[in-house]
Visitor: 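Questions regarding the structure given below will be posed in turn.
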Number of protein chains: 2
Amino acid sequence: MDSALTLFRERGYDKTTMRAISDEAGVSLGNAYYYFGSKEHLIQAYYDRVQEEHEQGSVSVLARETEFAARLGGVFDVWVDVAAPYHEFAGKFFKNAAEPTSPLSPFSEESQPARQASVALFRAAVDGSDLKLATGLREELPDLLWLMHMGIVLFWVHDQSPSQERTRALIAHVVPLVDKLARMTRLPVVRGVVTDVLVLVRSLRTA
Amino acid sequence: MDSALTLFRERGYDKTTMRAISDEAGVSLGNAYYYFGSKEHLIQAYYDRVQEEHEQGSVSVLARETEFAARLGGVFDVWVDVAAPYHEFAGKFFKNAAEPTSPLSPFSEESQPARQASVALFRAAVDGSDLKLATGLREELPDLLWLMHMGIVLFWVHDQSPSQERTRALIAHVVPLVDKLARMTRLPVVRGVVTDVLVLVRSLRTA
DNA sequence: GTCTATAGTGGGATAGAC
DNA sequence: GTCTATCCCACTATAGAC
């Protein structure tokens with residue numbers, strides 16, 4: 001995995017052959033395939049690394065901040081920081097992850113552990129905050145925030161601005177909005193809609 | 001393109017070789033490559049076909065319905081109908097479209113015409129309806145609905161239920177919710193949030 | 001400029017010996 | 001578990017017909 005990640009970074013995903021990776025790792029081609037079912041499976045290393053660093057990087061943010069907006073924005077920002085080094089060929093990764101049958105898909109069975117770890121991060125951001133929510137929403141909100149995170153990732157992958165500053169601007173704009181919306185959920189007028197959303201989210205999850 | 005689409009449908013994308021496609025079309029392999037730079041370029045045929053049929057199929061819906069929810073749901077449903085025959089290999093198509101550098105990406109320069117045509121469909125759904133909106137929202141809403149459409153497509157690609165009934169259920173649940181939300185935009189309490197969203201959407205588009 | 005035929009190459013993936 | 005040898009097929013190259 002280390003060999004693969006190094007070479008991916010040096011030459012890009014497409015130009016890195018499985019033969020080069022196995023050579024670099026000092027094993028035979030067949031042996032590489034014994035451990036990794038396909039070239040795409042090696043991308044899992046990148047995922048796992050980003051996921052792990054995202055968790056570690058978020059610790060200090062979540063320890064420091066108490067306001068919901070600061071916690072959420074912090075967690076989003078940390079992801080952009082840790083993912084940055086691989087932004088150039090993240091598109092290739094993303095392409096492979098986008099296929100539903102791929103084990104790399106963020107919605108796949110195989111990536112459930114990573115997904116749950118990520119959702120847990122957002123749950124921590126919510127739970128440790130000052131946020132007061134409509135009843136029932138507290139349970140589902142982390143999933144919705146994870147989904148929003150996926151949207152930000154999609155934006156980031158397409159973001160060609162220097163240092164991905166457009167993505168950072170998006171986060172800076174979106175977070176206060178989410179904060180405002182979340183606090184509005186307790187208003188009587190809004191409650192009906194919140195209930196509808198919760199019913200929808202739950203029906204999707206159970207099927 | 002017809003040969004390719006037929007074979008993709010019969011055996012799937014991976015099991016269809018370029019040789020088989022060129023044979024089926026009665027041309028040489030080299031000639032197939034003369035017109036299509038790669039196997040993936042043939043997917044463009046599918047993309048174009050769905051877009052065209054989506055427009056055509058939506059005409060009768062938009063002529064028949066006047067209520068916003070019915071018009072929007074109709075347009076969403078028509079897409080699921082026309083895309084259905086190719087659902088099995090749609091994942092391959094989607095994979096291709098997901099790469100930011102790909103001309104097939106729905107966000108790319110090259111697919112701007114198709115994207116605008118699609119947005120126009122949603123604009124028609126809004127404009128011909130009974131819907132009353134907060135000022136300013138009428139202009140941006142079609143773009144937001146197109147984005148929602150992309151979300152539904154994402155769900156559809158991952159949907160393994162028979163006849164993609166989960167996607168249809170999603171549409172059936174989401175449309176009334178959107179209708180409700182859209183009508184709420186004129187309420188005083190909600191107005192502030194609507195303005196925030198509009199500012200955000202506009203700032204993203206101009207950059 | 002459009003097309004055919006044929007002969008490659010490269011690299012992802014696999015079979016099967018050990 | 002590790003290897004070598006091989007398959008398969010997307011893709012390229014080329015030479016030439018019309």
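Hydrogens, waters and symmetry mates are skipped; everything else that's a heavy atom, side chains included, is used. Here is how names work: the chains are called A, B, and so on, in the same order as the sequence lines, proteins then strands, and each is numbered from 1.
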Visitor: Can a salt bridge be assigned to the pair A/Asp179 and A/Arg183 using a cut-off of 4.0 Å between side-chain N and carboxylate O?
Guide: yes
Visitor: Does C/dT4 have OP1 or OP2 under 4.0 Å away from a side-chain N or O of B/Asn31?
Guide: yes
Visitor: For B/Asp48, which residues count as a side-chain hydrogen bond (donor to acceptor under 3.5 Å, both in side chains) partner, sequence neighbours excluded?
Guide: B/Gln44
Visitor: Which atom pair, heavy atoms only, marks the closest approach of A/Arg9 to A/Pro85?
Guide: NH2-CB, 3.9 Å
Visitor: Using a 4.0 Å heavy-atom cut-off to protein, can you give one letter per nucleotide of nucleotides 11-18 of chain C, 5' to 3': B if the base is in contact, S if only the sugar-phosphate is, - if neither?
Guide: BBBB----
Visitor: One thing to verify: whether B/Glu139 and B/Arg123 come together as a salt bridge, which I'm taking to mean a side-chain N less than 4.0 angstrom from a carboxylate O.
Guide: yes
Visitor: Give a yes/no on whether any side-chain N or O of A/Tyr34 is located under 4.0 angstrom from OP1 or OP2 of D/dC3.
Guide: no
Visitor: Are the charged groups of A/Arg168 and A/Asp81 less than 4.0 angstrom apart, N to O?
Guide: yes
